[in-house]
Engineer: 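First the structure, then my questions, so here it is.
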Amino acid sequence: QVQLVESGGGLVQAGGSLRLSCAASGCTFGNYVIGWFRRAPGKEREFVARIHWNAVSTYFADSVKGRFTISRDNAKNTVYLQMDSLKPEDTAVYYCAAARNWATTAPYYYWGQGTQVTVSS
């Protein structure tokens, strides 16, 4: 069974940086597209970024483009979300999830438990 575990969340001031990690187990990690999502208080979950299993193709939500980068190390079964120039509106619980293809509408079958990111103004 695929398990995803996020880490790296915390409290940071606006303009600061955090790096989230998503560690996978129980799967052939290189077969999955990994996405990051977030849910802010009182809001619906939204897409943040995703990365292809080739570790080259990436896609970002407009709200984070130019501030966040995503990378993966298939040898370590880990995906990273580097978040720079953080804003208070980035405050949310961040989740990583795994999908079997790159399509925008691809379902994400496996989800982590989430990690809290809080950005103070």
Engineer: Applying the side chain to side chain donor-acceptor pair (under 3.5 Å) test to Tyr94, which of Arg38, Glu6, Gln116 qualifies?
Structural biologist: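 Among Arg38, Glu6, Gln116, the one meeting side chain to side chain donor-acceptor pair (under 3.5 Å) with Tyr94 is Arg38.
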Engineer: Determine the sole option in Leu11, Leu18, Leu86 for which the side chain to side chain contact (heavy atoms under 4.5 Å, CB included) test with Val119 is passed.
Structural biologist: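 Checked Leu11, Leu18, Leu86 against Val119; only one passes side chain to side chain contact (heavy atoms under 4.5 Å, CB included): Leu86.
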Engineer: Between Arg19 (side chain only) and Gly8 (backbone N and O only), is there a donor and an acceptor less than 3.5 Å apart?
Structural biologist: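 No, because the side chain of Arg19 does not come within donor-acceptor range (under 3.5 Å) of the backbone of Gly8.
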Engineer: Taking 4.0 angstrom as the limit, do Lys65 and Asp62 come out as a salt bridge?
Structural biologist: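 Yes, Lys65 and Asp62 are salt-bridged.
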Engineer: So which heavy atom on Ile34 is nearest to which on Cys96, and how close?
Structural biologist: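 Looks like CG2-CB, 4.4 Å.
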Engineer: Do Tyr110 and Leu20 sit in the same hydrophobic cluster, where Ile, Leu, Val, Met, Phe, Trp and Tyr count as joined when their side-chain heavy atoms come under 4.5 Å apart?
Structural biologist: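 Tyr110 clusters together with Leu20.
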Engineer: For a side chain to side chain contact (heavy atoms under 4.5 Å, CB included) with Ser21, tell me which candidate from Val5, Asp73, Thr115, Thr78 qualifies.
Structural biologist: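 Single side chain to side chain contact (heavy atoms under 4.5 Å, CB included) partner of Ser21 among Val5, Asp73, Thr115, Thr78: Thr78.
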Engineer: I want to know whether Trp111 and Phe37 have ring centres closer than 6.0 Å.
Structural biologist: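 Yes, the ring of Trp111 comes within the 6.0 Å limit of the ring of Phe37, centre to centre.
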Engineer: Could you state whether Tyr59 and Trp53 fall into the same hydrophobic cluster, counting links through intermediate Ile, Leu, Val, Met, Phe, Trp or Tyr residues with side-chain heavy atoms under 4.5 angstrom apart?
Structural biologist: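 Yes: a chain of side-chain contacts under 4.5 Å links Tyr59 to Trp53.
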Engineer: Is any side-chain heavy atom of Asp90 closer than 4.5 Å to a side-chain heavy atom of Met83?
Structural biologist: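 A side-chain contact under 4.5 Å is absent here.
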Engineer: Rounded to the nearest 0.5 Å, how far does CD of Gln113 lie from CG of Leu4?
Structural biologist: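 One gets 9.0 Å once the value is rounded to the nearest 0.5 Å.
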Engineer: In the single-linkage hydrophobic clustering (I, L, V, M, F, W, Y; side-chain heavy atoms under 4.5 Å), do Trp36 and Tyr109 co-cluster?
Structural biologist: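 Per the 4.5 Å side-chain linkage, Trp36 and Tyr109 are co-clustered.
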Engineer: Please name the pair of heavy atoms, one in Ser121 and one in Ala14, separated by the smallest distance, quoted to 0.1 Å.
Structural biologist: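 It is CA-CB, 4.4 Å.
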Engineer: Mind listing the closest non-hydrogen atom pair of Arg39 and Arg45 along with its distance?
Structural biologist: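 Closest pair (atom of Arg39, atom of Arg45, distance): NH1-N, 3.7 Å.
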Engineer: Determine the minimum heavy-atom distance between Ser17 and Ser85, stating which atoms define it.
Structural biologist: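 So the two residues come closest at OG-N, 4.4 Å.
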Engineer: State yes or no: do Val93 and Leu81 share one hydrophobic cluster built from I, L, V, M, F, W and Y residues joined by side-chain heavy-atom distances below 4.5 Å, directly or via other members?
Structural biologist: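 Different clusters.
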Engineer: Does Phe29 belong to the same Ile/Leu/Val/Met/Phe/Trp/Tyr cluster as Tyr80, with side-chain heavy atoms less than 4.5 Å apart forming each link?
Structural biologist: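 Per the 4.5 Å side-chain linkage, Phe29 and Tyr80 are not co-clustered.
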Engineer: Can you see which heavy atom on Gly35 is nearest to which on Tyr108, and at what distance?
Structural biologist: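 In this case the closest contact between Gly35 and Tyr108 is N-CE2, 3.6 Å.
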Engineer: Could you give the distance from CD (Gln3) to CG (Asn77), rounded to the nearest 0.5 Å?
Structural biologist: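 Answer for the CD-CG pair, Gln3 versus Asn77, is 12.5 Å.
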Engineer: Keeping the roles fixed (side chain from Arg72, backbone from His52), state whether a donor-acceptor pair exists under 3.5 Å.
Structural biologist: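 Here the side-chain-to-backbone pair exists.
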Engineer: Show the nearest heavy-atom pair for residues Trp102 and Ser57, with the distance to one decimal.
Structural biologist: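 Answer, listing the atom of Trp102 first, then Ser57: CH2-O, 3.5 Å.
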